[in-house]
Number of protein chains: 2
Amino acid sequence: MPERRRWTVRDLRRDNRSVLLWSLYFDQPCSRQDLSEATGLSSASVSNVIRELIHEGIVVEAGSVDSDGGRPRVLLRINPDYGYVVGIDVGETRIQAELFDLTMTVRANADIPLEPREHGVDVVVDRILRCLSAVLADSGVPSGAILGVGVGVPGVVERGAEVVLYGQTYGWDAVPLERLLRTGTDLPLYIDNGANTMGQAELWFGAGQGARHAVVCLIGSGVGASIIGNGATERPGGSSGTEWGHTTVMVGGRNCRCGSLGHLEAYVGAEAILERYGLPLPGDDEESALAALIDLAETSPEAATVLDETALYLGAGIGDLINLFSPDRIILGGWAGLLLGHRMLPAIRSSAREHALSHPFAETTITVGRLGPDAVALGAATLPIQAFLNGTAVPASRRPAAPEEIRPTGTGRVG
Amino acid sequence: MPERRRWTVRDLRRDNRSVLLWSLYFDQPCSRQDLSEATGLSSASVSNVIRELIHEGIVVEAGSVDSDGGRPRVLLRINPDYGYVVGIDVGETRIQAELFDLTMTVRANADIPLEPREHGVDVVVDRILRCLSAVLADSGVPSGAILGVGVGVPGVVERGAEVVLYGQTYGWDAVPLERLLRTGTDLPLYIDNGANTMGQAELWFGAGQGARHAVVCLIGSGVGASIIGNGATERPGGSSGTEWGHTTVMVGGRNCRCGSLGHLEAYVGAEAILERYGLPLPGDDEESALAALIDLAETSPEAATVLDETALYLGAGIGDLINLFSPDRIILGGWAGLLLGHRMLPAIRSSAREHALSHPFAETTITVGRLGPDAVALGAATLPIQAFLNGTAVPASRRPAAPEEIRPTGTGRVG
DNA sequence: CCCCCTTCGCTCAATCCTTATAATAAGTGC
DNA sequence: GCACTTATTATAAGGATTGAGCGAAGGGGG
């Protein structure tokens with residue numbers, strides 16, 4: 001029943017090349033020797049592949065380091081300017097784009113606020129494309145040098161013949177986002193759920209480093225979660241974002257934005273927390289209002305009660321994740337998740353302990369995200385990086401001409 | 001961060017051999033030509049590998065079939081008597097073992113009831129070993145012909161240096177089951193959660209055939225679920241069983257056997273349903289009591305209310321699974337799951353629709369398992385089958401002598 | 001300054017696997 | 001008996017990894 005593909009001797013090379021790139025990317029700079037040891041490939045093979053990579057401009061030599069009395073080892077690293085990637089965060093209140101080089105250094109960024117309740121498809125698509133043009137222009141990077149554009153969106157992403165979006169709280173139904181964006185750009189697009197992209201950012205660069213199996217909880221106005229097992233490469237075109245926010249923690253409970261009753265999001269989403277408190281709060285946006293509520297809890301019993309309940313429900317939701325996935329690490333993220341986590345982590349942990357089975361709970365650590373709210377864009381940018389490391393993304397300006405067998409009368413490539 | 005292994009040209013052969021075996025196993029009988037088409041391998045490679053497999057006795061020729069005017073194609077199939085597998089279901093009320101040949105035909109079975117509340121580790125281990133000996137003796141299969149023994153157990157299975165079991169409702173904590181069984185048998189052991197093994201059985205042979213991503217709900221006295229994505233081969237030593245029964249559907253709700261409050265199992269587990277009804281029922285075990293309750297619901301409003309609530313909570317739990325995993329198929333199994341499913345599928349579906357997001361719900365079909373309560377043992381037996389198809393299981397009697405480099409002075413194996 | 005030693009990186013023959021092509025085998029229909 | 005069709009096997013070619021051997025690059029001692 002499971003579908004397995006055959007392998008040819010060519011796949012072998014592609015795969016080992018990719019193994020080397022991944023290893024080098026996360027352990028820069030290092031020598032050929034180190035790579036040979038880390039990957040298990042013979043030094044001959046490493047040399048062969050690295051020569052190819054240097055010739056293509058992907059890898060560069062970067063000085064050398066003494067070895068105990070022998071020939072010094074030449075250090076290798078990935079050419080940061082071989083190509084660039086863009087990460088775009090399509091949030092509920094704004095769209096943010098960032099352009100990175102291959103070391104994930106920000107080269108340019110752009111922000112456009114979204115009017116509340118103004119989430120028409122055309123508007124959002126237009127804003128995304130404008131953000132994209134803005135970072136391209138601002139950075140001075142020619143579009144031919146872009147490896148790809150990652151987009152983190154709310155809602156369920158379905159990968160079929162084309163990428164289609166379902167954002168029930170957003171009012172989107174079967175939106176062919178990739179096709180719509182295609183009208184404004186030729187760059188390769190990688191679209192995924194925002195919780196997933198943030199999760200990948202924390203896993204690669206933040207609080208998830210070293211974890212084999214992590215769950216990242218994204219709490220903002222809405223609530224999502226990303227389950228990442230042993231590196232995202234294992235789900236090539238598979239599982240979409242998990243709608244953790246719309247799991248039921250109280251049958252017959254509060255109304256949720258999606259129309260159902262008793263969902264987690266109806267208790268621990270920022271919008272829901274503020275509604276449950278009910279009284280006016282200082283601040284003109286949700287973020288400052290929630291911060292104010294948390295401050296107020298020091299003195300106001302009503303505010304404290306609302307927050308205690310929030311911790312209780314959030315802990316129950318986290319307990320569910322622990323029982324279902326047995327992760328080694330759970331990371332609280334999203335702007336509201338960071339606020340709540342910094343303030344109430346002990347209460348959340350304790351509620352999770354009560355709701356989860358004791359053994360899987362003991363194997364998990366619950367922490368607060370380290371990367372801040374920009375992690376969605378950073379994580380979106382890792383999508384094209386991933387494709388690049390797997391060998392499926394090459395910048396247009398470096399792409400070789402079409403093979404001659406296909407165009408028998410062509411003149412071939414220049415140079 | 002993700003760990004990827006290098007490939008050698010030898011792995012390639014192993015892998016393609018395995019691809020062929022999987023393809024042949026699920027599409028017996030078929031010709032070399034068919035295999036070439038199904039796997040994408042060239043007919044030359046298919047011939048080479050098949051010759052090897054025939055030489056080893058794994059594959060046999062089985063007649064031939066006319067082709068439109070040309071040389072008839074020779075049909076191949078897996079030798080059913082190349083080896084045998086055993087599947088053992090460690091349930092809460094009994095232990096059952098079945099011995100199968102490679103076509104999954106039952107050759108022998110054995111049953112031992114467990115006294116209620118008598119789940120001491122030593123007792124259970126002893127019963128398992130006794131069941132194993134019984135099927136071996138009954139079938140007349142020599143133990144050297146056994147490919148492996150699969151064991152489906154309740155609770156969380158953790159694979160570290162050795163396999164360890166945590167069964168919170170069972171009263172087991174960190175039980176090294178594999179080591180304990182090892183005292184009574186030398187056969188290769190494959191231990192997994194019972195919900196997982198039943199899930200695999202339904203996926204391979206039952207209501208899950210053709211699904212890419214299925215969730216199987218196991219409802220008996222307790223409640224569990226198995227998430228199976230595109231063939232279980234993708235999680236080599238990874239994820240343990242999912243404790244779906246201990247996810248929270250009602251914060252602060254009913255007491256669960258595990259000590260927590262408001263878990264799904266406290267509403268839809270058979271034991272919990274009977275408790276919620278509270279009145280005496282005919283029948284001396286849970287199974288007949290539940291059947292009686294379902295019959296009674298035709299006339300008794302109290303019974304009907306209990307069942308309606310059950311459907312409501314079960315639907316909420318299923319909705320969670322839909323939102324978290326977006327499976328194409330959800331299968332109700334376990335003895336209580338089958339009873340409830342046959343009676344109340346429409347109510348369960350409708351509750352799930354209310355609790356899940358509309359898009360992932362629309363992509364899912366909810367059905368009742370086709371294999372009946374014996375599926376746990378059948379599924380457990382698929383674990384060694386899987387190892388066999390992957391090329392990592394060979395019966396002892398056919399194993400080649402140990403390589404001489406390792407035991408330079410040894411006499412090797414007799415045989 | 002020269003020589004020995006250590007370690008790194010490259011070259012080359014050997015080995016293995018898949019594939020494309022050609023050859024052989026085994027039937028049908030006239 | 002002969003053309004034709006289809007299935008399977010033999011053969012040569014191409015691509016990949018590997019282990020051994022060799023040159024390269026520096027340190028240290030006389």
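The figures here come from the full heavy-atom set of this structure, side chains too, leaving out hydrogens, waters and symmetry mates. A note on names: the letters A, B, ... follow the listed sequences, proteins ahead of strands, and every chain is numbered from 1.
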Of the non-hydrogen atoms in A:Cys30 and A:Leu24, which two are nearest, and what is the gap between them?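 Shortest heavy-atom contact: SG-CD1, 3.8 Å.
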Looking at every heavy atom in both B:Leu102 and B:Asn79, which two are closest together, and how far apart are they?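 Taking B:Leu102 first and B:Asn79 second, the nearest heavy atoms are CD1-O, 3.5 Å.
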Any side-chain N or O of [X] below 4.0 angstrom from OP1/OP2 of [N]?
X: A:Asn16; N: D:dT17; value: yes
X: A:Arg13; N: D:dT17; value: yes
X: B:Arg51; N: D:dT8; value: no
X: A:Arg32; N: C:dT7; value: no
X: B:Ser42; N: C:dT18; value: no
X: B:Ser47; N: D:dT8; value: no

I need the [atom1]-[atom2] distance between [X] and [N], as an integer number of Å.
X: B:Asp11; N: C:dC16; atom1: CG; atom2: P; value: 15 Å
X: A:Asp34; N: C:dG9; atom1: CG; atom2: C1'; value: 13 Å
X: B:Arg10; N: D:dG19; atom1: CZ; atom2: C1'; value: 13 Å
X: A:Trp7; N: D:dT17; atom1: CH2; atom2: C1'; value: 15 Å
X: B:Asn48; N: C:dT18; atom1: CG; atom2: P; value: 8 Å
X: B:Glu37; N: C:dT19; atom1: CD; atom2: P; value: 15 Å
X: A:Glu52; N: C:dC10; atom1: CD; atom2: P; value: 14 Å
X: B:Arg14; N: C:dT18; atom1: CZ; atom2: C1'; value: 17 Å

B:Pro72 side-chain proximity, nearest of C:dT19, D:dT17, C:dG27: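 Taking heavy atoms from C-beta onward, the closest nucleotide is C:dG27.
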Of the nucleotides C:dC10, C:dT18, C:dC8, which has the atom closest to the A:Arg73 side chain?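 Of all the options, the side chain of A:Arg73 is nearest to C:dC8.
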Base, sugar-phosphate alone, or nothing: which one does [X] contact when heavy atoms must sit under 4.0 Å apart?
X: A:Gln33; answer: sugar-phosphate
X: B:Ser45; answer: base
X: B:Val46; answer: nothing

Using a strict 4.0 Å threshold on nitrogen-to-oxygen distance, state whether [X] and [Y] make a salt bridge.
X: A:Glu52; Y: A:Arg13; answer: yes
X: A:Arg5; Y: B:Asp15; answer: no
X: B:Arg107; Y: B:Asp101; answer: yes

Using the closest heavy atom to pick a nucleotide of DNA chain C for each, name whichever of A:Glu61 or B:Val9 lands nearer the 5' end.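 Comparing both residues, the 5'-ward one is A:Glu61.
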Mapping A:Arg6 and A:Leu75 to their closest nucleotides on DNA chain C, which lands nearer the 5' end?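 The answer here is A:Leu75.
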Earlier contact from the 5' end, DNA chain D, for B:Ala44 and A:Leu12: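 Checking each residue's closest nucleotide, the 5'-ward one belongs to B:Ala44.
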Heavy-atom side-chain proximity of A:Arg14 to A:Asp11 below 4.5 angstrom: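 Side-chain contact under 4.5 Å: yes.
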